[in-house]
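Predicted, not measured: the structure shown is a model, and the values here were computed from it.
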Amino acid sequence: MCASAPILHGYFRSSCSWRVRIAFALKGVEYDQLPVNLIKDGGQQLTEEYKALNPMQQVPAVEIDGITLSHVTKILLFIPGPHLLPADPKARAQVRMISDLIASGIQPLQNLYVIQKMGAEKMQWSQHFINRGFQALEPILKQTAGKYCVGDEISMADICLVPQVYNAERFKVDMGKYPTIKRLNEALLEIEAFQVSHPSRQPDTPDDLRA
């Protein structure tokens, strides 16, 4: 891989890192990965070296075209290749709404930093906020979905959805209550870009979690 390839600093099970991996795969962009282990050594994201890349000390950070980006939706839209937002203004607004609901309204409430603060109640906490978010998301997707989240074209909304469902399953959320979300997730997981980017298939995936 050439020296100018983008570099993804991420973690195999990070939702945000997975979104970036999906986007790279969908757009056919080759990239290098430099894993940042969120558990080992007290959290490698907390080092001063990594803080220089991402001052929030979170993953991911992406070095691309001479700049470093750490806000996932901005990374997704900056990566060259096919657009992840529809041309139609109404559909584009729906994609942004769904993406924001997941990326801002659900996922941050059960990321590693938050649930570490919850201690023994982390499972109940995570289930509560995932269910709360999915109860809002399910009726929205019933209205917007075709083959994918908004119509029949893969968009940023789909990239946000799949990692969130993975988290829901990790925290034993009953997905039977959300048939539209479940159907869309199953369809998306049939696509190669979502498979190769899966947490079970990354360079830093522990052996016991590797596919």
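K27 places a side-chain N or O within donor-acceptor distance of the main-chain N or O of P82, the cut-off being under 3.5 Å. With Q44 contributing its side chain and L38 its backbone, the two residues share no donor-acceptor pair below 3.5 Å. Of the possible polar contacts, one joining the R210 side chain to the T205 backbone as a donor-acceptor pair under 3.5 Å is found. The closest donor-acceptor contact from the side chain of Q195 to the backbone of L189 lies under 3.5 Å. Judged by distance alone, with hydrogens and angles left aside, the side-chain atoms of S99 form a donor-acceptor pair with the main-chain N or O of V95 at under 3.5 Å.
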Test side-chain contact (heavy atoms from CB on, under 4.5 Å) applied to I159 and L26, step by step:
CA-CA 10 Å; I159 292 176; L26 284 171; 3.8 Å; yes
Decide yes or no on side-chain contact (heavy atoms from CB on, under 4.5 Å) for I67 and L69, but give the supporting numbers first.
CA-CA 7 Å; I67 62 173; L69 298 173; 3.9 Å; yes
Verdict with reasoning, F134 to Q164, per side-chain contact (heavy atoms from CB on, under 4.5 Å)
CA-CA 10 Å; F134 279 7; Q164 184 55 63; 3.7 Å; yes
Given the rule in the side-chain contact (heavy atoms from CB on, under 4.5 Å) test, do Y178 and L137 qualify, once you have shown the distances and angles that lead to the verdict?
CA-CA 9 Å; Y178 311 109; L137 184 60; over 6 Å; no
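Of all heavy-atom pairs spanning D158 and S155, the tightest one is OD2-N, 2.8 Å. Listed here is the closest heavy atom pair of L8 and P60: CD1-CB, 3.6 Å. When all heavy atoms of L161 and C149 are compared, the pair lying nearest together is CD2-SG, 3.7 Å. Contact detail for A103 and Q107: the closest heavy-atom pair is O-OE1, 3.9 Å. Between I115 and Q110, the shortest heavy-atom contact is CG2-CA, 3.8 Å. Taking each heavy atom of A23 and L84 in turn, the nearest pair found is CB-CD1, 4.3 Å.
Under the 4.5 Å side-chain heavy-atom criterion for Ile, Leu, Val, Met, Phe, Trp and Tyr, I64 and V29 are members of the same hydrophobic cluster. Side-chain heavy atoms closer than 4.5 Å link hydrophobic residues (I, L, V, M, F, W, Y) into clusters, and following such links, even through other members, never connects V59 to I79. Placement of L34 and L46 in two distinct hydrophobic clusters is found when ILVMFWY residues are connected by side-chain heavy-atom separations under 4.5 Å, directly or transitively. Under a hydrophobic clustering in which Ile, Leu, Val, Met, Phe, Trp and Tyr are joined whenever their side-chain heavy atoms come within less than 4.5 Å, directly or via other members, L53 and V20 fall into different clusters. If you chain together hydrophobic residues whose side chains sit under 4.5 Å apart, I75 and V36 never meet in one group.
Considering only residues two or more places apart in sequence or on other chains, Q33 meets the side chain to side chain donor-acceptor pair (under 3.5 Å) condition with Q202.
Shown here is M56, whose CE atom has no more than 12 heavy atoms of other residues, nucleotides or ligands within 6.0 Å.
Within the model, atoms CG of L184 and CG of L141 stand 6.0 Å from one another, a figure rounded to the nearest 0.5 Å. M175 contributes atom CE, which lies 6.5 Å from atom CG of N185 (distance to the nearest 0.5 angstrom). Atom CE of M156 is separated from atom CD1 of I22 by 12.5 Å, given to the nearest 0.5 angstrom. Considering CD of E190 and CD of E192, their distance stands at 12.0 Å, rounded to 0.5 Å.
Among residue pairs with one or both ends in residues 84-94, none qualify as side-chain hydrogen bond (donor to acceptor under 3.5 Å, both in side chains); sequence neighbours excluded. Applying the side-chain hydrogen bond (donor to acceptor under 3.5 Å, both in side chains) rule to pairs touching residues 134-154 yields E138-T180, sequence neighbours excluded. Legend: side-chain hydrogen bond (donor to acceptor under 3.5 Å, both in side chains) pairs involving residues 50-64, not counting sequence neighbours, sorted by first then second residue: H9-E63. Judged as a side-chain hydrogen bond (donor to acceptor under 3.5 Å, both in side chains), the pairs with a partner in residues 69-83 (not counting sequence neighbours) are, in order, H71-T73.
Contact annotation: the side chain of P163 approaches that of R19 to within less than 4.5 Å [non-hydrogen atoms, C-beta and beyond]. In this structure, P6 and D32 have side chains that are not in contact, with every pair of non-hydrogen atoms separated by 4.5 Å or more. Looking only at side-chain heavy atoms (C-beta outward), F78 and V62 stay at 4.5 Å or farther from each other. A heavy-atom distance below 4.5 Å is found between the side chains of I106 and L101. Side-chain contact check for R21 versus P199: some heavy-atom pair is nearer than 4.5 Å. Side-chain contact between I39 and L112 is present, with at least one heavy-atom pair separated by less than 4.5 Å. Contact annotation: the side chain of Y31 never approaches that of I7 to less than 4.5 Å [non-hydrogen atoms, C-beta and beyond]. Considering only heavy atoms from C-beta on, S200 stays 4.5 Å or farther from L209 through its side chain.
Proximity of the aromatic rings of W18 and Y166 is defined here by a centroid distance below 6.0 angstrom, and this criterion is met.
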Show me the side-chain donor-acceptor pairs of residues 119-128 shorter than 3.5 Å, one per line, residues at least two apart or across chains.
| unit_1 | atom_1 | unit_2 | atom_2 | d |
| --- | --- | --- | --- | --- |
| W125 | NE1 | L109 | O | 2.6 |
| S126 | OG | K122 | O | 2.8 |
| Q127 | NE2 | F171 | O | 2.9 |

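For the residue pair N111 and S15, no side-chain donor N or O sits within less than 3.5 Å of a side-chain acceptor on the partner.
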